[in-house]
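Working notes, structure below.
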Amino acid sequence: MRPVAGSELRDLVKLSGLMLASGCAWYLGYVFADIIPEDTVSIAIQNLQNIGERPVIKAPLPKRQKCDHWSPCAPRSYAYRLLSGGGKEKMAKICFEDELLISEQRGNVGRGINIAIVNYKTGKVVSTKFFDMWEGDFSGEMTAFIKDAPQGSLLLMVTHDDGSARLKDDGKKAIEELGSKEIRNMKFRSSWVFIAAKGFKLPDNIEKEKINHSDNRKNRYSGWPAEIQIEGCIPDNLI
């Protein structure tokens, strides 16, 4: 028999060592697989796969504000939002302190001038009514409704469809006395919104009135201008 050379012996030792290491690795893998739960291994593999991925940062949903304002009113303030009607189908709305005082949902909105009276001290609605200014004769009734509003009231007004055709001078004067700058400029089917105080003064820096006239070249709806709105916050310590 040929004697084993030194280099061959070294190769044989290396091969034996490699086989022994492979066997040990297989055995240890078998033991660990039997000891470690399968879901733990799956999680570890998933974590390895996620290394290097950019984390997904989700911005929190914005908190809804009263009357759908973009930003909240200061503490001890009333939130309001007035929206005129748009065409015949989109009805006017009056929101005060996140309560719809006049709306289609409440069933108390109609053609003409819609008015809500709010007790300023309590922030609660006193009365709501709409006055048709296209058919019938309701200008005098509306004038009386405004004049009968108690001192210390907020009056919120919006038009739907048309608020001018049968609006008489006494009605215009009653609204003008509340501070309106646009009531005498109202035309057929003008969109108009207005908030006023009776017996006290609203801050100069809040939005109180807006008007949009019908113009066949610019109208959003066939025969009617786009609806308009005003919104803002009224401090609760004015009186």
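When reading the values below, keep in mind they use all heavy atoms of this one structure, side chains included, and skip hydrogens, waters and symmetry mates. Only a predicted model underlies this, so the values are computations on that prediction, with no experimental measurement involved.
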- prompt: Any side-chain donor paired with an acceptor under 3.5 Å for E227 and Y221?
  reply: yes
task: Pick out which of V193, V125, V158, I195 makes a side chain to side chain contact (heavy atoms under 4.5 Å, CB included) with I94.
output: V158
query: Under 3.5 Å, is there a donor-acceptor pair between the side chain of S103 and the main chain of L100?
result: no
- request: For the pair D98 (side chain) and C67 (backbone), establish whether a donor and an acceptor sit closer than 3.5 Å, ignoring hydrogens and angles.
  value: yes
field: Contact list for residues 228-239, test salt bridge (charged side-chain N to carboxylate O under 4.0 Å, His left out), sequence neighbours left out
entry: R76-D236, R81-E231
- prompt: How far does CD of E141 sit from CG of D132, to the nearest 0.5 angstrom?
  reply: 11.0 Å
- prompt: Heavy-atom distance under 4.5 Å between the side chains of S191 and K210, does that happen here?
  reply: no
- prompt: So which heavy atom on S190 is nearest to which on T159, and how close?
  reply: O-OG1, 3.4 Å
query: Which pairs pass ring-ring contact (aromatic ring centres under 6.0 Å, His included) with one or both residues in residues 168-189, sequence neighbours excluded?
result: W134-F188
message: Enumerate the ring-ring contact (aromatic ring centres under 6.0 Å, His included) contacts for residues 88-110, please, sequence neighbours excluded, ordered by first and then second residue.
response: Y78-F96
- prompt: Rounded to the nearest 0.5 Å, how far apart are CZ of R166 and CE of M142?
  reply: 14.5 Å
message: Under 4.5 Å between side-chain heavy atoms, counting indirect links through other Ile/Leu/Val/Met/Phe/Trp/Tyr residues: same cluster for I146 and V118 or not?
response: no
- line: Taken in chain and number order and not counting sequence neighbours, the residues that satisfy side chain to side chain contact (heavy atoms under 4.5 Å, CB included) with F145 are I115, I117, S127, K129, F131
Reported CD-to-NZ distance for the pair E177 and K172, which is rounded to 0.5 angstrom: 14.5 Å
statement: Residue set satisfying side chain to side chain contact (heavy atoms under 4.5 Å, CB included) with K121, at least two apart, ordered chain then number -> N119, I239
message: If I compare all heavy atoms of H213 with all of P225, which pair ends up nearest, and what's the gap?
response: O-CB, 3.6 Å
message: Side-chain heavy atoms nearer than 4.5 Å, only ILVMFWY residues, links allowed to pass through others: does that put L155 and F130 together?
response: no
message: Per the ring-ring contact (aromatic ring centres under 6.0 Å, His included) rule, what does the pair list look like for residues 157-179, sequence neighbours excluded?
response: none
query: Quick one: do V109 and W192 end up in the same hydrophobic cluster if we chain Ile, Leu, Val, Met, Phe, Trp and Tyr together by side-chain heavy atoms under 4.5 Å apart?
result: no
- line: Residues at least two apart in sequence or cross-chain that pass ring-ring contact (aromatic ring centres under 6.0 Å, His included) with F200, listed by chain then number, are Y120
query: Taking all non-hydrogen atoms of both residues, which atom of K201 and which atom of L238 are closest, and how far apart?
result: O-CD1, 3.8 Å
- prompt: Is the backbone of G232 close enough, under 3.5 Å, to the side chain of E207 for a donor and an acceptor to pair up by distance?
  reply: no
message: Using the rule that Ile, Leu, Val, Met, Phe, Trp and Tyr join whenever any side-chain heavy atoms are under 4.5 Å apart, tell me whether I113 and I102 fall into a single cluster.
response: no
field: By salt bridge (charged side-chain N to carboxylate O under 4.0 Å, His left out) - contacts of E176 (at least two apart)
entry: R184
message: Before you tell me yes or no, could you show the steps for K168 and D137 under salt bridge (Lys or Arg N to Asp or Glu O under 4.0 Å), namely the whole-Å CA-CA distance, both residues' side-chain angles and the distance that decides it to 0.1 Å?
response: CA-CA 9 Å; K168 296 180 180 179; D137 185 7; 3.3 Å; yes
task: Sequence neighbours left out, what pairs pass salt bridge (charged side-chain N to carboxylate O under 4.0 Å, His left out) with at least one residue falling in residues 145-164?
output: D161-R189
message: Quick check against the 3.5 Å criterion: does T122 have a side-chain atom that pairs as donor or acceptor with the backbone of K124?
response: yes
message: Please tell me whether Y80 and L83 are part of a single hydrophobic cluster in this structure, the criterion being side-chain heavy atoms less than 4.5 Å apart.
response: no
Pair E209-S180, side-chain hydrogen bond (donor to acceptor under 3.5 Å, both in side chains): steps then yes or no: CA-CA 7 Å; E209 187 174 27; S180 172; 2.5 Å; yes
Donor-acceptor under 3.5 Å (S139 side chain, L167 main chain): no
task: Could you tell me the separation between the CH2 atom of W70 and the CD atom of Q65, rounded to the nearest 0.5 Å?
output: 11.0 Å
T143 OG1 to I175 CD1 distance, which is reported to the nearest 0.5 Å: 7.5 Å
- request: Report yes if the side chains of L82 and K93 come closer than 4.5 Å at any heavy-atom pair, otherwise no.
  value: no
- prompt: Is there a donor-acceptor pair closer than 3.5 Å between any side-chain N or O of K208 and the backbone N or O of P203?
  reply: yes
message: Under the rule for salt bridge (charged side-chain N to carboxylate O under 4.0 Å, His left out), what residues qualify as partners of E104, not counting sequence neighbours?
response: none
field: With A196 via side chain to side chain contact (heavy atoms under 4.5 Å, CB included) - residues at least two apart
entry: L178, F194
field: Reported CG-to-CG distance for the pair L202 and L154, which is rounded to 0.5 angstrom
entry: 6.0 Å
message: Does E135 form a side chain to side chain contact (heavy atoms under 4.5 Å, CB included) with R111? I'd like the steps, not just the answer.
response: CA-CA 9 Å; E135 289 184 340; R111 180 174 60 190; 3.4 Å; yes
field: Steps toward salt bridge (Lys or Arg N to Asp or Glu O under 4.0 Å) verdict (R64, D68)
entry: CA-CA 6 Å; R64 182 187 172 279; D68 294 323; 3.1 Å; yes
field: Residue pair N219 / S214, side-chain donor-acceptor N/O under 3.5 Å
entry: yes
statement: With sequence neighbours left out, the residues meeting side chain to side chain contact (heavy atoms under 4.5 Å, CB included) with Q151 are K198
